[in-house]
Each structure stands twice: as C-alpha cells, then as structure tokens.
*Asks:* 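Pasting in a structure now, in structure tokens, and then I'll have a few things to ask.
What you see is a predicted model, and the numbers here were worked out from it, not measured in a lab. Naming: A, B, ... by sequence-line order, numbering from 1 per chain.
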There are 2 protein chains.
Amino acid sequence: MPRKPSAADAPLRLDNQICFAVYSAAHAFNRVYKPLLDRLGLTYPQYLVMLVLWERDDVPVKDIGEKLFLDSGTLTPLLKRLEAAHLVKRTRSSEDERQVLIALTPQGHALKDKARSVPQSILAASDCSVSELVAMKDEIVALRDRLNAVIGE
Amino acid sequence: MPRKPSAADAPLRLDNQICFAVYSAAHAFNRVYKPLLDRLGLTYPQYLVMLVLWERDDVPVKDIGEKLFLDSGTLTPLLKRLEAAHLVKRTRSSEDERQVLIALTPQGHALKDKARSVPQSILAASDCSVSELVAMKDEIVALRDRLNAVIGE
DNA sequence: TCACATTTAATTGTTCGCAATTGAATGTGC
DNA sequence: GCACATTCAATTGCGAACAATTAAATGTGA
C-alpha cells in the first residue's frame, strides 16, 4: 500500500540533502569542464594538479596531495600519466630519497597560456556574477573545512 | 627565477576556483559519510540509490539515473552489487521488455530505519544551522541546474 | 507490413578515489 | 650505535563515473 509522505522521512528525502546538492554540482562542473579540458589533453583532476604546479613548481607529491586532499594512491598513477604526456618530470629528491619531486616540463609550462581561457568559460556557464560566485565559494570552503575538521579527530 | 604573483594569474589560482571548492567539499562529505554508511554496508552512491528507492519503489533504471544524474554505465554494476547484497531485486518489465525495474527487498525496506540516524550525524558534522544549510543547498542546486542547462544545448 | 529511428540496459575500456599494505629512507630515544 | 617508530611514495584491490558501443525492444512513417 502506498504511504503518504511522512514528515519523519523528510531528513531522508533526496532533495533535502545538501551533500547530494554538492555531489551533483561537482559532476555538473565536471561535465562542463570536459570539452574545455579535452582541448588541453587533461582530465579535471589532472587540471587541478597543473593548477597547483603553475603556482609553484618542483614540489613533492605530498604537498600536491595536501592542497588537493588526495593521497598517493590517486596521485601516483595520475602523475605517471602526466609524465607520459610530457607535462611533468618525476625525480627523487637527493636531500630526502623518500620524496618524489614533481617539476613542469617546458610543455607543462606552456600549457598554462592555453588554459587561461578556461576560467572565463566556466564563469559564463555558471551564469552568475563573480561576487555571487566568490561568496558561494567561501561558504562552501568553510563548510568543507568544518567537515574535514571532524574527520581529523 | 621566481615570479611574483601576477594579477593575470588570479583566475587560474586554485583557491579562486569555485569548482575546486565544490569538488573538495564533495570528497569531504564522502569521508564523513564513510564510517556512518559502513555500518549500513553501503557506499555513498549506493546510499543515494537507496534514498531514491525509499521514496518510490519499483522504478526503472532510467528514472534512478535521471534523479541522480547517472547513466547505466554507473548504475548497472552498482545495482548488481545492491542485488548481491539482497537489498534490491532487478526484474525486466513485462509491459516494456527494455526496462529493468528495481524493487526493494524486505531487507532493503528495513534498512531505511537504520539509516534514519545518518542525516542527523551529518548535520552535526556540518556544525551549521539547518536554515544556513538549506540556503546553501538551494544556491548550489540553482548553480548545478544552470550548469546542466549549458550542457544540454 | 516493413524499413527505419528511438529507447533502454548492458558492456568495454579508461580514469579517478580510497583503504590497506609494502618497502625504503629518515628520525628518535636509549 | 642500534632498535624502533615515522614518513613517503608505490602498489593492490574495489567501487564509482563516463564515453562509446552493442543489442534487444519498441515506436513511426510510408
């Protein structure tokens, strides 16, 4: 027998879940990015790694992982693919042989110029003012940091 | 030679990307959910499918996909795992043999009661008022829908 | 009716994402 | 100096996520 919607079920309703909003928005972003990044020969996570490296080059895997909240199980194969694409070089640090330093190749540096049009296209797809987006971003980052604080206890 | 931060690079800076905020928040949610869902024997995407089915049972794969923005390449193996866990049953529709209908088993129905504590735990981890979360959720959903609108053109 | 397009799941192959483990390098306390 | 713990990247195994293709069922137009 069909049950009428119960108030007790409200917390379990899909449309009431902020996590699903975030989850589905992440996928929507990914789908908007895909055609843009295809032209650069990058996936979205690879693009994030490149953003890190364009800010600061020659960093250990661990640093990239801390900035992107990813571990070596994700980054090691991803970085090997970037190396196979001649965008980065992986070399063991001579000071600390445990570390692997990731450095951009000339092609990796050059790709930055081709990437400059990407944020503009995303902004257009968002159909939203910059100030609104910045405000949303700050709220989402604050929420993320509160969630991450709970994990680390 | 180290370059000083250039204003022209601001759009490419990781911390300025709303997409990264959303992406990393989704992962943070997933990490908070993991221990809660482990007790139910579900992954987060499986939990989303169960949320859909707890609202309405006996639906074709396509309907689940439309609600969750997922395709059969993701859902078919996921639903087979839920079937292997005895939470759902997959049967071809007799009216339209192309469709596979997904129905909850008694265990699948029963799991709903065990899941009721999950949203409360997430709310606590968010460390945020319900009204703030609802406002954020609505903004994120609106953004997601604008992004999805761009894709479908 | 019959050729044709459309719809629906399933399948294949590639790339993430993470838990758990491994192994080498480094740091430490005695 | 030496046992011990810690750090770091790599590896393995599993579960998404999606593009592209396949195959079967259904719908449509002439």
*Asks:* side-chain hydrogen bond (donor to acceptor under 3.5 Å, both in side chains) for B:S117 and B:Q120? Distances and angles first, verdict last.
*Replies:* CA-CA 6 Å; B:S117 64; B:Q120 186 60 247; over 6 Å; no
*Asks:* Of the candidate nucleotides C:dT8, D:dT26, C:dC18, which contains the atom at the shortest distance from the side chain of A:T74?
*Replies:* C:dC18
*Asks:* Return whichever of B:L79 or B:K34 has its heavy-atom-nearest nucleotide of DNA chain C closer to the 5' end.
*Replies:* B:L79
*Asks:* Looking at B:R90, does any N or O in its side chain come under 4.0 Å of the phosphate oxygens OP1/OP2 on C:dA10?
*Replies:* yes
*Asks:* Which whole-number value in Å describes the distance from B:Y33 OH to C:dG17 C1'?
*Replies:* 18 Å
*Asks:* Counting side-chain heavy atoms from C-beta on, which of D:dA9, C:dT11, D:dA16 comes nearest to A:S72?
*Replies:* D:dA9
*Asks:* Between B:P60 and A:Q46, which has a closest nucleotide on DNA chain C that is more 5'?
*Replies:* B:P60
*Asks:* Starting from P on D:dT7, measure out to CD on A:E95 and report it in whole angstrom.
*Replies:* 19 Å
*Asks:* Considering only side-chain heavy atoms of A:Q99, which listed nucleotide, D:dC8, D:dA10, C:dA9, is closest?
*Replies:* D:dC8
*Asks:* Base, sugar-phosphate, or nothing for A:T43, non-hydrogen atoms under 4.0 angstrom?
*Replies:* sugar-phosphate
*Asks:* Measure from the side chain of B:R81, starting at C-beta and using heavy atoms only, and say which of C:dC18, D:dA9, D:dG15 lies closest.
*Replies:* D:dG15
*Asks:* Answer yes or no: does a side-chain N or O of B:Y44 lie under 4.0 Å from OP1 or OP2 of D:dG15?
*Replies:* no
*Asks:* C:dA19 P sits how many Å from B:L37 CG, rounded?
*Replies:* 13 Å
*Asks:* Does some side-chain heavy atom of A:L79 sit less than 4.5 Å from a side-chain heavy atom of A:V61?
*Replies:* yes
*Asks:* Could a donor-acceptor pair under 3.5 angstrom be found where the side chain of B:T76 meets the base of C:dA9?
*Replies:* no
*Asks:* So, do B:L14 and A:L68 sit near enough that their side-chain heavy atoms are less than 4.5 Å apart?
*Replies:* yes
*Asks:* Could you tell me if the ring centre of B:F69 sits under 6.0 Å from that of A:Y23?
*Replies:* no
*Asks:* Please report, rounded to the nearest Å, how far the P atom of D:dA16 is from the CD1 atom of B:I64.
*Replies:* 13 Å
*Asks:* State yes or no: do A:V141 and A:I122 share one hydrophobic cluster built from I, L, V, M, F, W and Y residues joined by side-chain heavy-atom distances below 4.5 Å, directly or via other members?
*Replies:* no
*Asks:* So if I take every side-chain heavy atom of B:P45 and compare against D:dA24, D:dA16, C:dA10, which nucleotide ends up nearest?
*Replies:* D:dA16
*Asks:* Report the distance from atom CG of A:N148 to atom P of C:dC18, rounded to the nearest whole Å.
*Replies:* 10 Å
*Asks:* Quick one: is A:Y23 getting a side-chain N or O under 4.0 Å of the D:dA17 phosphate, OP1 or OP2?
*Replies:* yes
*Asks:* Just checking B:L78: base, sugar-phosphate only, or nothing, at a heavy-atom cut-off of under 4.0 Å?
*Replies:* sugar-phosphate
*Asks:* Could you check whether A:D96 gets within reach of a base, just the sugar-phosphate, or nothing at all, counting any heavy atom under 4.0 Å?
*Replies:* sugar-phosphate
*Asks:* Do any side-chain nitrogens or oxygens of B:R31 fall under 4.0 Å of OP1 or OP2 in C:dC18?
*Replies:* yes
*Asks:* For A:K62 and for A:A28, find the nucleotide of DNA chain D with the closest heavy atom, then tell me which residue's nucleotide is more 5'.
*Replies:* A:K62
*Asks:* How many Å lie between CZ on A:R92 and P on C:dT26, as a whole number?
*Replies:* 10 Å
*Asks:* For D:dA16, does OP1 or OP2 lie under 4.0 Å from any side-chain N or O of B:K80?
*Replies:* no
*Asks:* Between B:F29 (CZ) and C:dC18 (P), how many Å, whole number?
*Replies:* 15 Å
*Asks:* Could you tell me how far apart B:L75 (CG) and D:dA16 (C1') are, to the nearest whole angstrom?
*Replies:* 10 Å
*Asks:* May I ask you to say what A:L70 touches in the nucleic acid, namely base, sugar-phosphate or nothing, with a heavy-atom cut-off under 4.0 Å?
*Replies:* sugar-phosphate
*Asks:* Kindly give the heavy-atom pair with the smallest separation between A:P45 and A:L78, and that separation in Å.
*Replies:* CB-CD1, 3.8 Å
